[in-house]
Structure formats: structure tokens, C-alpha cells
*Asks:* 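Please see the structure below; I have some questions.
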2 protein chains.
Amino acid sequence: MPVSIKEVAREAGVSVATVSRVLGKGPVSDALRARVERAIEITGYRPNLSARRLRSRRSQTIGLVVSDIRNSFFTSVSRAVEDAAYEAGWRVILCNTDENPDKEAMYLRLMQEERVTGLIFAPTRDTASRQDLDALGFPVVLIDRAGPATGVDAVLLDNARASAMLVDHLVDAGYRRIGGIFGKTSTTGQERRDGFAAAMALHGLPCETKFILPQAPAAEDSVGVWLDSADRPDAIVASNGQLLLGAFRAARRRGVALPGGVALAGFDNEGWTEVVSPGLTVIEQPVLDIGRTAMSLLVERLADAGISPRKVVFPGRLLIRGSTAGKR
Amino acid sequence: MPVSIKEVAREAGVSVATVSRVLGKGPVSDALRARVERAIEITGYRPNLSARRLRSRRSQTIGLVVSDIRNSFFTSVSRAVEDAAYEAGWRVILCNTDENPDKEAMYLRLMQEERVTGLIFAPTRDTASRQDLDALGFPVVLIDRAGPATGVDAVLLDNARASAMLVDHLVDAGYRRIGGIFGKTSTTGQERRDGFAAAMALHGLPCETKFILPQAPAAEDSVGVWLDSADRPDAIVASNGQLLLGAFRAARRRGVALPGGVALAGFDNEGWTEVVSPGLTVIEQPVLDIGRTAMSLLVERLADAGISPRKVVFPGRLLIRGSTAGKR
DNA sequence: GTGAAAGCGCTAACAC
DNA sequence: GTGTTAGCGCTTTCAC
């Protein structure tokens, strides 16, 4: 049974108000402060955060709701968010939705029950366009994905531009029959596909794209079909790290050489993409900046709810490696 | 300003106690229950979890304190823990200590202030031997690392046995001059080294081992020195995924062929280890089982504080790949 | 500066 | 079954 502020007050011979002031930053004489601090030592007192939150009406907690923490993009973003949050004396509640709208709804409700100060959220496409994201009772910052202006802040990658960079690079290297696989559950997959298609059109090239579940096995199946077909593409673009892994496995398993049999490029500079041979050409996202920026936007929004919603867009960085070496 | 249980009661024309009973599992007539549920709908009521926790003295929260969520072992364990926790209606607070004892102490204090129901904890070597881990005010289950019996439950890998499996396999394949790098901050690194040394001794072989920071760059430097030296080992064992990555990079960067120039094996079946060429021989840990078992031990401990501390030890699984192909 | 007292939103006795 | 009431541990007026 933990000791309460009352026992500390008794031990120090002061009122609970004085103890509370020592804990916070109220005005307390040096003499009493010393006595209270001593009493805290002796009793081993630990403030009860639930009580503090209830009374002060400040939860000092932010929510972080993503699809899957095992996705390296979210792993890194979560570290950035958590570091910044704990630094500021806030707690983080992390939830994984697995791209499941029901889980999303459940966790949004949980965020309300926790009375979170704010939420950093990577929604599915369905939820991204919800009009009530700004009426949850706390500010929301979207990361990675955002629908048409829903009136909330967002931190995003310039997906269309990044896709175009990949396409331009591939065309430059002599590839023409380029296929693309994209995640079907997020606006991000959609944007990357649109950017891909637009860039291909600019080059006067036809393109073939597929929307699939954003998981490695789905990509392996999907790319496998392409590789086995008579009119195999000569290059493939994968819209995230998981899909890239699946595509890589499909090629590897069939003994299709990279880039001789098929060139391969994608999103997310996961550690393994550099270390396989050949290395994979990828778009690197500034994951730490994205996490930190999301926190900053949240903090600014908390300071001033009035400012109109901002969208911060980061450029991707093209890392050229052996998997897209020139065709000739 | 969120609505409280009071307003729901007024809307439904009942007492707050009845509303509370509908929320929980108290006995309420169907008629009143329906009215209350309707009132909850109308008002958009969300229970305040801080108030509930304060009053009920049950935080319904468990802590998960690990060194770094970006370490794939902990990423996977955390998913297992979180899934099990949310399933049971509990919240999870995740903290990263970066192998820093000061941060560990700070987060242990935070866990007390949160009045967590229980804690799943991967301590550094310094903290693992603290005698007061069972006096924090809540049960602790150690994962991945544990000191000499500290009187708390633990879920571990059979590190000595796993190291021996690697050594036996390498010796079997014809390697004799085998070096090992091990994490210096954890008991796990220590145990794996001891198991390694013991197995080498059984084979009558001398061994050279290094304790280093459990991070890829440190491993790259360390292994680089070996590879550049005149008496280069013919095989290297790395005691976790990060160290394995660093070792792999060191070999790759110097153009040292695997396994011709040096054989390489290690711990943690991270995705990339299968996908590089040659694939890397590794000890796979049952990460999901470890996470789930930690939760089970915690739940059982909460049900009965009396049972004496248990240590659940899982075997590792040796996955043989090209990086340790036979020497001749 | 300091203390007394009210009350944050909820659950759990306790009466009926 | 239902309502009344007393706190959970803390912060925050409000007096002094």
C-alpha cells in the first residue's frame, strides 16, 4: 500500500498543500521545503499520477496510433516521438491497428477515455477522410497518411515526387516496362501510385500497377505472378519496405537476377536494403524528422488551437544502389 | 469539456451509481440499462480512466521497459505483450532505456507513480542484480536478461546451450579459430560468452572473445580489427542482431567472402539475415512465445503472489544457412 | 508563505 | 435493484 501525500505531510509537520507545492513549483520557504523533501525520502513517497491527472485535468499523455510497430518506419517514428515526449514529461500510449478500421475506432475511443492531451495518428484510408478527427476533444496530428484536408495537422512525405524520382531514375537507366505494387489500405499507397502513373505518362510509357495488402507475403505472390508471366516487366517499384522485401524474395526464389532479370526499387531505407547484393535502390524517408515534427506541431497546436491546419511535407531522398544499375 | 457520469445520470433520470453499474457489471434492470445506454449515446459520454483508476485502485496498466524498441527482438516482444494486454483490457506503457541505468531508475520510478499492475522488464546487468526488484510495489517479470536469482519471475533463452549449438555447428563444419563478440551491458551477453567459451573448451580449442557496446557500429569496428589482423579468425559469432549486422558490414566492406574468407553466425533471426547472400546462420528466438509467456507469468503472479519465482527458459533454434557452409 | 477545505469523476459500501 | 454517500489522492482556491 503506497504512502499518500497525507502521510508525507504528517511526517513533515506541514499541510498537504505545502507538500503539493514542493512537488509542483509553488512558493515554499526553504526551511519547509527541506523538511518536506526529507519526509518524502523517509516515507518513500511516490505521487499518484492518476490522482494528479484527475484533479489537474491534465493527462500529460499523448497517444500514438499506428498500423504496426514492427514496420520499421513506425518503429523509428515511435522512438522519436517517445524520446521527445518523455523529455517534456509526457507519457505515450502506443497502439497498433493492423490497418483494421474497427481497431482504429476502438483505440480512438480509448484515447478519449484517457483524456489524452493530443494524438499522433497514422490512419487507414477509410479513417483518414473522417470529418470528425478535429472533434475528438484533443488535437490530432496525422503522420504518413492523410486524406483530403480534414482540418487537422499532418506530416507527410512528398509521395508523388518520390515516386517520380524512382521512375525518372529507372527510365534514365534504360528501363521501360515498369510495374508497381502499392499498399491498398492507405492514402500513401494511393498517392505513390498516382505519382508513379503520372511520371510514367510524362515519359510516354504505359504502366501496370497493383494495389495489395501492405505485407511481404502479398507482395511475394503478386510479384511472383509478374515474374512468371511471358511479358515480365523489366523493372518493379514497391511502395514500402514490406512490399520491397516480398518482391526481393520473389525474385530471389526464382533465381531472377537483379538487375539483369528485373530491376527493383522501392520505399524505405531499411537496414537490409543496403546489405543485400546487389543493394536496393530506395527512397529514404527522414523518419526522425517526421517524428519530431509531429511532436512540434502537436505542441504548437496545444499552445494555440486557433492557427489553421498545417501540412508539413518532407522530400524523400533517392539512394541509388546496384538493383537499378543501367540496362546497357 | 467532456461530460461526466453525473450528466449521464441526469439525462437518464437515474443515480450515478446505476450508470456506474451499467458501465461495470453490476445488477441493473433491463429497463434502466436501456435508458442509461441511450443517455450515454446522446451525451457522447466517455468514462474518465484516471478517475476510475484512482477510485478503484486498479491501474489496469502494465509497464514494458526495454533497452530499445528498434531492436527487432524487443519490437516483436512488444507486439506480443501489447496484443495480449489490450486483449485483457489493460494499457501498456513502453519505455526505452538505451542500456542507461539512470534512465532505468527514472522509468522504474515512473512505473511506481503510475501504480502499474505489473512490469515486464529487460534490465541492464547493473540493474538485473538489484535486490529490491521484488519490492517495487508490483510484480516484475524479467525478459531476455536476469541476474542471479533476484526473487522475481523471468523468461529467458537458454543462452549457454544456444552458444554451444553455434560452436558445435562451426566446429563440425571444420572451423577452428573462432572469435566471438558479445554485448557488454547485459547478463545475456555474459551468458552467451560463457556458453561460447565452455563449448570451445570442450572441443579443446582456444577462443578469443570481446565485450562491446551492443550496437552495429561497435561491432563493425571490432570485427574490422580482426579481419585486418594477420591471425584473422576463420569464423565469428555475434551475440545479437545488431552485432551480426555490424560484423556482416565489416566483412562486406573489406571484400572478405562468406564463408570463404570468414564464416559468420549469430543470434536473432532478423528478416535480413535470410535475404542476404549467403544467408546467415542464426539462433532464432521464439519472440512471440517469450512475450506471451511474460504476460502469462505476470497474470499468474497477480493471481497468487505466494508462488515462488519461476524461470521459464526457451531453447533457441539453430537455422543453418550459407554463411557457415563446410570449410572443405 | 501557509493551511483549511472543496472537489476532480468515479466506485463501493451501505441502506432501503 | 436502486439511490445516497463517502472517499480514492491530489491540486487549487480562498483566507489569513
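Not measured: the values here are computed from a predicted model. So that the names make sense, note that chain A is the first sequence line, chain B the second, and so on, each numbered from 1. Computed over heavy atoms, backbone and side chain alike; hydrogens, waters and symmetry mates excluded.
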*Asks:* Can you list, in residue-number order, the parts of residues 6-29 of chain B that come under 4.0 Å of DNA chain C, counting heavy atoms only?
*Replies:*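 When residues 6-29 of chain B is checked for heavy atoms under 4.0 Å from DNA chain C, the hits, listed by number, are B:Ala17, B:Ser20, B:Arg21.
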*Asks:* Rounded to the nearest Å, what distance is computed from the CZ atom of residue A:Arg35 to the C1' atom of nucleotide C:dT2?
*Replies:*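 Nearest whole value for this atom pair: 11 Å.
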*Asks:* Let me know the distance between CD of B:Glu114 and P of D:dC8, rounded to the nearest Å.
*Replies:*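 It is 21 Å, rounded to the nearest whole Å.
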*Asks:* For the side chain of B:Glu82 and the backbone of A:Cys95, is there at least one donor-acceptor N/O pair under 3.5 Å apart?
*Replies:*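 Looks like no, no N/O pair under 3.5 Å.
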*Asks:* Using a strict 4.0 Å threshold on nitrogen-to-oxygen distance, state whether A:Glu99 and A:Arg145 make a salt bridge.
*Replies:*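 Looking at A:Arg145 together with A:Glu99, the answer is yes, because their closest N to O distance falls below 4.0 Å.
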*Asks:* So, B:Thr187 side chain and B:Ala146 main chain: donor-acceptor pair closer than 3.5 Å or not?
*Replies:*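 Answer holds: yes.
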*Asks:* Roughly how many Å is it from CD in B:Glu113 to P in D:dG9, rounded to a whole number?
*Replies:*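 That distance rounds to 15 Å.
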*Asks:* Using atom CD1 of B:Ile5 as one end and atom C1' of D:dG7 as the other, report the distance to the nearest whole Å.
*Replies:*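 Distance, rounded to whole Å: 15 Å.
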*Asks:* Report yes or no: do A:Glu104 and A:Thr127 form a side-chain donor-acceptor pair below 3.5 Å?
*Replies:*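 Per modelled atom types, A:Glu104 and A:Thr127 side chains form a pair under 3.5 Å.
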*Asks:* If only atom types and distance count, is the side chain of A:Thr188 paired as donor or acceptor with the main-chain N or O of A:Asp144 below 3.5 Å?
*Replies:*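 Confirmed, A:Thr188 side chain pairs with A:Asp144 backbone.
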*Asks:* Where along residues 38-63 of chain A does a heavy atom fall under 4.0 Å from DNA chain C?
*Replies:*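 Contacts with DNA chain C under 4.0 Å: A:Leu54, A:Arg55, A:Arg57.
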*Asks:* Decide, yes or no, whether a salt bridge links B:Arg79 with A:Asp98 under the criterion of side-chain N to carboxylate O below 4.0 Å.
*Replies:*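 Salt bridge: yes.
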*Asks:* Which value, rounded to the nearest 0.5 Å, describes the distance between A:Met106 atom CE and A:Thr97 atom OG1?
*Replies:*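 So the gap between those two atoms works out to 10.5 Å.
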*Asks:* Between A:Arg52 and B:Glu113, is there a salt bridge with N-O shorter than 4.0 Å?
*Replies:*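 No.
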